[in-house]
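Let me begin by presenting the structure, written as structure tokens, before commenting on it.
FYI, the numbering just counts along the sequence from 1.
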Amino acid sequence: MRNPRDVFRPRPPSRPRFSRRSKIIAGLILLVLLAAILSLRGTARMWTDYLWFDSLGHGDVWTEMLVYRVVLSVIFIAIFFLLLYSNLAIADRLAPQTRPPGPEEELIRHYHDAVGHRRRLVSVVVAILFALIVGGGTGGEWQKAMLFFNSVDFGIDDPQFQRDIGFYVFQLPFIQFLISWFFRALIIVAVITAIAHYVNGGIRVQTTGQRVTPQVKVHLSVLLALIALVRAVGYYYDRFGLNFSSRGPVDGATFTDVNAQLPALRLLLLISALSAVLLVINIWQRGWVLPVTAVGLWMVVAIVMGAIYPAIIQRFQVEPEESTKEKEYIERNIEATRHALGFDKVPGDANKTDNVTTISFDELDTEITAEELAGNPSVRNIRLLDPDIVPNAFQVEQSERTFYTFNNEVDVDRYEIEGEVTEVVIGARQLNVADVPQQSWEGRHVQYTHGYGVAVAPVNSVTTQGSPDFAVGDVPVVASADFELTRPQLYIGENLTGYAIVGASIPEVDYTKANETVPFEYDGDDGVGIGGFFRQAAFALRFGDINPLISGFVDGDSRIIFNRDLRLRVQNLAPFLELDADPYPVVSDGRVFYIVDAYTTSDRYPYGQRPDVSDLSADSGLRKRFNYVRNSVKVVVDAFDGTTTFYVIDPEDPIIQAWRKIFPGLFQDFEQMPADLQNHLRYPEDLFRVQTTMWARYFIDDPETFYANSVTWAVAQDPGTRITARTFLDEVTEAIAAEETATAAATRQLERRIRPFYQLLQLPEEDDVDFVIFRTFVPISGSGDDQDERKELTAFIAAKSDIDEYGELVVYTVPGTNIPGPSIVDAKIQADTQIADAFTQLNQQGSTVLQGNLLMLPVGDSLLFVRPVYVQATGETELPQVKQVIAGIGNDDDFVLVIRPTLDEALAALSDQDGLSVFPAQSATPEPDDAEPAPAPTAAPSISDETPIDEDTRQALSELISELRTTQDSIDEDRRRLDGLIGELESLLDSAGG
């Protein structure tokens, strides 16, 4: 009998039952939601990227790049899916009705019990997963695809296969990608299909009967035949890759490639095609004899003909007489490399126009007169301000506030000052976000948003204290009448990270003056509107910062400026261009612009030699593998409103022609660049480094001389710049004891090479002054470490920057072997007792002597060497100031050096002309009233050959100098002992206090 309580006991709720399909759908929904959440930030980044492109007027560029990426990925994902799914479907259709019993059947049976009737779903899932893996990354090949479908001709045929160079640059890379992708895809499909046949019972390994059913054999034979056909096509196009071989003494198809490797590839092509035929024939044959024979033959030929035979030809035919065997191919390499690197405009044309002019600098005069110096524009623009050293002076004297900063290297340019084109150093006063006084989010992103103005100083003038004599400087801007800067605010700069919000409900800080903050409201065109919840949320996700979403300062009028680093800005807009490592600011039309040199490159120029790029900065876009380069584009970025304009300066470059076909709205003709900006163009340093390094060998026309490498040049060794009090006397002593060791390499390792210098020069045999980039050369004496044995000057190269002669390279060869190169001149400077005494006086406790760049200037028929000498106080405030100037002239046997407090005095002493004035008067900038003027540096006492003293007096003065040196050593030793005693007393005091 039931208990009455049971009647009223509530029943447990029944659990709803979900079908298996419902559970699958629910799981898929959860996966989709999870993927959406994870990809939300990526979606926000894509949307904000489009908004940024659109704000610059290039939304179509972003769209087209995205379309190519997406379409490529979708196409290859779909192709692979169809390949794999169709083969899996065929495998299911060819599955035997009954599976033969055996030790493998138990495992397979469990699989079929689990899968059951869902084999088609499993095939779909497997095909989709592998399609995403194999095809998903193909969108990264969008540049190759774009160039393939928009290729243009170079108008030049390669010498081996007579194909236009455009085929190699634009078409071959994408074709080889397709072949490689299909080859890998078919191998993956074949492997997965074989596994499917095994699972279905069509393949059995552990059985004594038939291991592969006839249907499966047909299926796999067809797949293997397709793989063989694809490989045959690959061998056909591999022939063209021989044009980039590096087997021989130069890049390109050399003797072994043409006479051994090329026939081997043709034979492998035939065998691959034969293998495909045999695999098809094998469908009607029993067993696998034909396929195994074909694959075995293929492997043997690949090893013997593809590797062993070419090695034999190289060793026993080529190496014993390499210069003769490779003569034709060296000629091809010289011709191709000269064109690919911009030396020759039209290779192989008897009436070609060369970009390089070679002039012999004969009858070099080892003396210089006052008449040659006076009024010479090269002398007038001798650079006293070293762009590697004066950034410290810019930072100390012009940063104004800690939240402003200058780059570690200021830039060299030219401006018209007082009616004369004058070389200057210029640096932009950029925002230093890390040191803004208010480190809150509001301070870093809303209040302190921009840098302010530039500092400009003529290179040929310093104040009486030796500091830069600024023509433009200070905050607010103070400028000479030659400069106008009405928009000094810099929202874009070098290495400027993060973002800034402008148009907020509170003003920005323009600058601070005395105890007052000057506000500013941005009225430029840069920035993306950030009004509205969705945009604010998108930017909050992009930057991982919720403040743009919740801040009350952000309203409908606010805009966000990001991608503020100018190189990043240019690279995002045109990722197919390579950028120079050194953008530079220009003051024009009252604003500050940055000019960025952009290159088009390729590593597919037949017979082009790959240059040595170890000399380039890590930031250089040319620090990569290439054998063709053009400085095709000058990019101008407005530092205030962010406008980024791409001007095509080399419209004849086929690569930039192809990109213009793809993005016609991105580029503008060079003629549309404002004339004032054209006057500030510079020949790019990175390209000049590459070209000068290569021209050191490729100036040779004769292939036998080229091969012998007997007259090759090398970029001159870097003479160095720094001397410290601790090591200077040791260096001078060693140089006096054995001057030959000072002129030889101090180490057996290869020395660093001298960097190019921008200079305003009147080149030999020319009437006008040119703004050039300049580099010197010495002979190569051997190989390896012995290349540094010779350091005499053999040539110097200048590349012109002025627009009417832009890009012209002028090479001046120096006859003979007795003109010292920069490294020898530096050694003579270190060994000179007069200069040593001056350094000793300057290099007192608490200061460091810095030697500026050792400049070489052609003046008339002479070569003048000049080096400014700085004194920089050690400590937190490092302010380098020019205190002495070294000048020198002569040959290796008779070289005259002088050191004086000013350039005028140094040149007057060098030319033996008192009162010579070749230089603008130094600025007499007054000291502040509350500071004592610094004493002017005095010239070091010296014993000159022109001084009328007898031998006894000379000997007495030499002994006095020796005694002074001994006294100085004694004083230094006493100072060290005193420092040690003070340290011990301080330690004793600290321990007593503890």
Side-chain angles (χ1 to χ4, degrees), residues 52-53 55-58 61 407 411-415 424 426-428 430 450-451 453-454 456 483-496 524-527 561 563-600 619 621 630-651 653 656 659-660 663-687 758 771 801-803 806-807:
W52 180 77
F53 272 81
S55 71
L56 294 173
H58 298 304
V61 174
N407 280 338
D411 293 291
V412 181
D413 201 350
R414 69 284 195 195
Y415 288 82
V424 303
I426 179 172
Q430 300 189 137
H450 56 270
V454 296
V456 181
F483 291 88
E484 179 186 9
L485 190 53
T486 56
R487 277 295 185 199
Q489 294 81 11
L490 310 179
Y491 287 84
I492 309 297
E494 296 184 64
N495 304 313
L496 185 58
D525 297 327
D526 201 9
I561 299 177
N563 290 336
R564 294 193 292 171
D565 174 64
L566 65 98
R567 283 172 54 87
L568 177 63
R569 175 170 287 241
V570 174
Q571 199 72 72
N572 284 346
L573 284 169
F576 43 83
L577 298 178
E578 307 295 345
L579 304 184
D580 193 86
D582 187 24
Y584 58 99
V586 172
V587 177
S588 177
D589 194 27
R591 306 166 79 93
V592 178
F593 298 88
Y594 281 96
I595 296 181
V596 187
D597 284 286
Y599 306 102
T600 51
D619 294 330
R630 290 291 185 271
N631 175 216
S632 301
V633 179
K634 298 285 186 179
V635 188
V636 177
V637 182
D638 190 319
F640 179 71
D641 68 16
T643 302
T644 305
T645 311
F646 294 77
Y647 295 102
V648 176
I649 193 172
D650 186 3
D653 171 33
I656 204 60
W659 288 118
R660 290 193 79 171
F663 303 114
L666 182 62
F667 299 98
Q668 294 188 20
D669 293 333
F670 178 71
E671 290 73 19
Q672 295 179 275
M673 178 186 285
D676 189 50
L677 287 177
Q678 293 184 18
N679 293 333
H680 291 282
L681 296 183
R682 305 188 317 187
Y683 196 75
E685 181 176 333
D686 287 351
L687 177 59
Y758 287 104
F771 187 72
S801 297
D802 296 333
I803 197 59
Y806 182 85

Inset, instruction - Look at the side chain of R569 and the backbone N and O of V637, then say whether any donor-acceptor pair between them is shorter than 3.5 Å. - result: no
Legend entry - Heavy-atom pair with the smallest gap, counting every atom of S588 and L677: CB-CD2, 3.8 Å
Legend entry - Parallel, tilted or perpendicular: rings of W659 and F576 (30°, 60°): parallel
Inset, instruction - State plainly whether the residues R487 and D641 are in salt-bridge range, i.e. N to O under 4.0 Å. - result: no
Inset, instruction - Starting at CG of L577, measure out to CD1 of I656 and round the result to the nearest 0.5 Å. - result: 5.5 Å
Legend entry - Minimal non-hydrogen separation, P684 against K634, with atom names: CD-NZ, 4.1 Å
Legend entry - Partner of R682 by side-chain hydrogen bond (donor to acceptor under 3.5 Å, both in side chains), out of D413, D597, D582, D802: D582
Inset, instruction - Kindly assign one of parallel, tilted or perpendicular to the pair F771 and Y758, based on the angle between their ring planes and the thresholds 30° and 60°. - result: parallel
Inset, instruction - Report yes or no: does D525 contribute a side-chain atom to a donor-acceptor pair with the main-chain N or O of T643 at less than 3.5 Å? - result: no
Legend entry - Pairwise distance CG(L490) to CZ(F640) - rounded to 0.5 angstrom: 10.0 Å
Inset, instruction - Please check if the side chain of Q678 supplies one atom and the backbone of M673 the other of a donor-acceptor pair under 3.5 Å. - result: yes
Inset, instruction - Could you give me the CA-CA distance, side-chain angles and deciding distance for F670 and I803, then say whether side chain to side chain contact (heavy atoms under 4.5 Å, CB included) is met? - result: CA-CA 11 Å; F670 178 71; I803 197 59; 3.2 Å; yes
Legend entry - R414 (side chain) donor-acceptor with N679 (main chain) under 3.5 angstrom: yes
Inset, instruction - Specify the closest pair of heavy atoms between F53 and N572, including all atoms of both residues, with the distance to one decimal. - result: CZ-O, 3.1 Å
Legend entry - Euclidean distance, D526 CG relative to T644 OG1, rounded to 0.5 Å: 7.5 Å
Legend entry - Test item: Y647 and P674 side chains (from C-beta on) under 4.5 Å apart, heavy atoms: yes
Inset, instruction - Could you check F663 against H58 for side chain to side chain contact (heavy atoms under 4.5 Å, CB included), going step by step and ending with a plain yes or no? - result: CA-CA 9 Å; F663 303 114; H58 298 304; over 6 Å; no
Inset, instruction - List the atom of D650, the atom of R630, and the distance in Å for their closest heavy-atom pair. - result: OD2-CD, 3.4 Å
Inset, instruction - Check whether any side-chain heavy atom of I595 sits under 4.5 Å from a side-chain heavy atom of L681, and report yes or no. - result: yes
Inset, instruction - Hey, could you give me the CZ/CD distance between R591 and E484, rounded to the nearest 0.5 Å? - result: 11.5 Å
Legend entry - Candidate pair V592 and L485, rule side chain to side chain contact (heavy atoms under 4.5 Å, CB included), full reasoning: CA-CA 8 Å; V592 178; L485 190 53; 3.7 Å; yes
Inset, instruction - Considering non-hydrogen atoms only, spot the tightest contact between V424 and Y415 and give its length. - result: CG2-CD1, 3.5 Å
Legend entry - Ring-ring centroid check H450 Y491, cutoff 6.0 Å: yes
Inset, instruction - Take D676 and D589 through the side chain to side chain contact (heavy atoms under 4.5 Å, CB included) test and state the conclusion after the steps. - result: CA-CA 8 Å; D676 189 50; D589 194 27; 5.9 Å; no
Legend entry - Donor-acceptor contact below 3.5 Å, side chain D565 vs main chain N495: yes
Legend entry - Distance (rounded to the nearest 0.5 Å) between I492 CD1 and N563 CG: 8.5 Å
Legend entry - Salt-bridge present (R660, D669; N to O < 4.0 Å): yes
Inset, instruction - Locate the shortest heavy-atom distance separating Y599 from N631; write the atom from each residue and the value. - result: CD2-CA, 3.8 Å
Legend entry - Check: Y584 side chain, I426 main-chain N or O, donor-acceptor pair, under 3.5 Å: no
